[in-house]
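Here the structure comes first, spelled out in structure tokens, and everything after it is commentary.
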Amino acid sequence: MAVAAAPLHYSGSWCPPHNLTGKSGGVVCLGVRRYDGGVSAPLSRRGASSTRHLTASPLDIGGGSGSTASSAHYGLRLGSNISARASSAAVSVSDDARKLESIAELHAELPFSREVWSTFMDVYWQKLPVVIRGAIAGFSNPIEADELAGLACEPDFQPRIIKKGEGSSDWALELGPFSEDELKNLPSTGTWCLLVNDLEKHIPEIAEVLDLFDQFPRWRVADVQASVSTNGGSVGAHSDQFDVFLLQADGCKRWSISDSPVYAPDNDDAFFPDIDVRVLKEFQPQFCSLLKPGDILYLPPKVAHHGVAEDCDTVCTTYSIGLLAPSHQELVLSYAQASIDEHADKDRWSDPWLKPQDNVGTISSEAVTQAAEIIKRSMPRNEADIARWFGCHVTAGDGLDGPDIVPGDNSLFLGDQEFLSKWTEEGSLLRRADIRFAVVQDVSDGSLEGCLFFAGGKAWALKSDQGIALAHHIANYVETLAEDFVERTDVAEYEMDSESKALLLELFNSGFIYF
């Protein structure tokens with residue numbers, strides 16, 4: 001299936017920058033659209049009236065008509081003569097690297113059938129890197145480079161710029177958000193790379209790209225990051241602790257990789273010390289492939305990789321779909337903290353069994369036994385206890401500012417009938433894009449009754465048939481239709497399972513779902 005997302009549009013008019021020439025003039029032009037807070041419906045932060053999708057005007061970068069647009073809209077010119085010469089600081093790919101054997105390839109088009117996904121999981125997942133050629137046939141980048149530059153002016157996207165200097169260890173990290181002037185003054189040569197994160201939480205079209213990876217549980221997806229650079233741009237050779245899919249969107253990028261344990265991310269000796277960017281000192285790749293738009297490179301954890309923009313008429317854009325890989329230490333600490341929060345600070349050590357002791361330096365066996373009992377009481381009794389903590393852990397931490405940023409009229413806490421009436425009138429409820437939802441139906445030891453539903457780090461236990469069905473639906477689908485769950489009585493009131501109604505009301509009043 002080809003994914004050709006509709007062009008992104010913005011309200012307002014385009015302000016053409018001064019002295020811009022078209023592509024034929026050899027000048028790289030990148031317009032900057034200042035993000036105005038209402039990118040996708042779930043994240044409109046200016047109230048219900050300002051909800052707007054990214055949809056609109058073509059870019060006129062050839063000079064000409066001015067505009068009366070808001071001052072929050074900018075144009076940007078990045079350097080000149082990019083096709084003519086490159087800075088000595090720009091990253092280049094050696095001829096030896098180009099002669100390396102190509103990365104293994106899988107020729108398949110997303111969305112994969114279950115059979116192809118099974119093959120991918122069995123052969124490649126967390127085992128071998130692979131290039132998926134033509135993964136998204138006819139791919140059309142849903143975000144123009146100038147729009148990405150506009151997002152870099154906003155803190156919600158955690159923007160960063162990585163810059164390469166003249167020396168091999170001369171790398172620098174600059175944290176955004178960035179001003180128009182900072183972006184405008186970036187050189188046209190490949191000495192920088194702009195990074196923006198959390199795109200799937202803000203841009204509906206990027207969330208749709210994530211749907212192509214629906215064989216992975218959504219709680220495993222960290223975020224979608226975009227990297228933008230000119231020819232020779234790179235973030236340096238490095239390795240990560242997590243799986244990643246690298247989707248080429250604009251231009252081309254040459255990827256060199258190695259699975260040598262020498263380049264493992266926890267081997268500090270392999271990286272340049274005392275610099276802001278984690279870059280390998282001496283990277284000797286084993287395989288090398290050039291990715292074109294619509295191609296995807298899958299990399300298992302700890303595979304070292306180095307991507308360099310190449311053969312780009314204007315800019316190179318790559319989307320990185322990273323999957324969460326929490327460390328065992330993080331999980332243990334999280335559970336310990338959850339146990340502490342549950343037991344609070346109400347219980348204290350007591351030892352009414354204490355006897356006179358001759359040796360003051362001795363810890364008695366009774367004291368050790370009591371300490372052991374305290375620890376045991378804080379440990380999970382069964383897998384249902386683990387499921388409750390784990391679901392809260394993996395869905396927590398993604399919300400932004402609470403219910404006040406949700407579009408629609410969530411300003412009032414509604415009663416049962418008011419809520420059902422409003423839902424029926426509107427027709428559907430939508431999930432907030434920056435909140436993770438999940439459900440647990442089964443555990444191996446059979447200790448779970450009903451199901452556990454999670455949203456934004458909170459848990460709900462559900463036992464009714466409709467409650468369980470509703471939990472599964474919300475965890476898996478963006479939209480919930482009233483007609484699927486609400487019945488109207490003869491007295492013009494609306495009926496719904498009490499457990500389901502309580503869940504929806506709490507989700508709505510918490511700002512996790514909206515009309």
[X] vs [Y] side-chain heavy atoms within contact, under 4.5 Å:
X	Y	answer
V235	V277	no
S510	K458	yes
H393	Q337	no
Q126	P301	yes
Q215	F112	no
Q286	I257	no
V131	L291	yes
W389	S339	no

Residues, nucleotides or ligands: over 12 heavy atoms within 6.0 Å of L354 CG: yes
Residue D211 excluded, over 12 heavy atoms near CG under 6.0 Å: yes
Using atom types as modelled and distance alone, determine if a side-chain donor or acceptor of [X] lies under 3.5 Å from a backbone N or O of [Y].
X	Y	result
R432	Y514	no
S421	E418	no
Q357	T362	yes
Q441	G450	yes
N359	G361	no
T369	S365	yes
Y263	P285	no
R278	P265	yes
T424	L420	yes
S428	T480	no

side-chain contact (heavy atoms from CB on, under 4.5 Å) evaluation trace for L504 with I474: CA-CA 10 Å; L504 285 175; I474 298 175; 3.7 Å; yes
side-chain contact (heavy atoms from CB on, under 4.5 Å) partner of S227, chosen from C316, S234, C193: C193
Identified side-chain contact (heavy atoms from CB on, under 4.5 Å) partner of R160 from the options D276, N197, V196: N197
Nearest 0.5 angstrom please: [X] [atom1] to [Y] [atom2], how far?
X	Y	atom1	atom2	answer
N141	I206	CG	CD1	7.0 Å
F508	I513	CZ	CD1	7.5 Å
W460	E499	CH2	CD	12.5 Å
L183	C153	CG	SG	5.0 Å
L175	L173	CG	CG	4.5 Å
Q417	K501	CD	NZ	6.0 Å

Does the plane of the ring in [X] sit parallel, tilted or perpendicular to the ring in [Y]? Use 30° and 60° as the thresholds.
X	Y	result
F390	W219	perpendicular
H305	W255	tilted
W423	F485	parallel
Y298	F245	tilted

Heavy atoms only: give me the nearest [X]-[Y] pair and the separation to one decimal.
X	Y	answer
Y319	L199	CE2-CD1, 3.8 Å
L110	F213	CD1-CZ, 4.0 Å
L280	A304	CD1-CB, 3.8 Å
G456	I435	N-CG2, 3.5 Å
A475	F453	N-CE1, 4.1 Å
S447	E383	OG-N, 3.6 Å

Salt bridge (charged side-chain N to carboxylate O under 4.0 Å, His left out) pairs, two or more places apart, involving residues 361-374: E373-K376
Qualifying salt bridge (charged side-chain N to carboxylate O under 4.0 Å, His left out) pairs with a residue from residues 439-451, counting only residues at least two apart or across chains: E449-K463
Check against side-chain contact (heavy atoms from CB on, under 4.5 Å), R218 and V221: CA-CA 5 Å; R218 189 53 57 91; V221 177; 4.1 Å; yes
For residues 115-125, run the donor-acceptor check on the side chains, cut-off 3.5 Å, and write out each pair with its distance to 0.1 Å, sequence neighbours left out.
{"from": "S118", "atom 1": "OG", "to": "R114", "atom 2": "O", "distance (Å)": "2.9"}
{"from": "T119", "atom 1": "OG1", "to": "E115", "atom 2": "O", "distance (Å)": "3.1"}

side-chain contact (heavy atoms from CB on, under 4.5 Å) between V279 and H238, intermediate numbers included: CA-CA 5 Å; V279 177; H238 64 285; 5.9 Å; no
Residue among R220, K127, K302 satisfying salt bridge (charged side-chain N to carboxylate O under 4.0 Å, His left out) with D243: R220
Criterion side-chain contact (heavy atoms from CB on, under 4.5 Å) on L324 and V394, from CA distance to verdict: CA-CA 9 Å; L324 286 170; V394 299; 5.9 Å; no
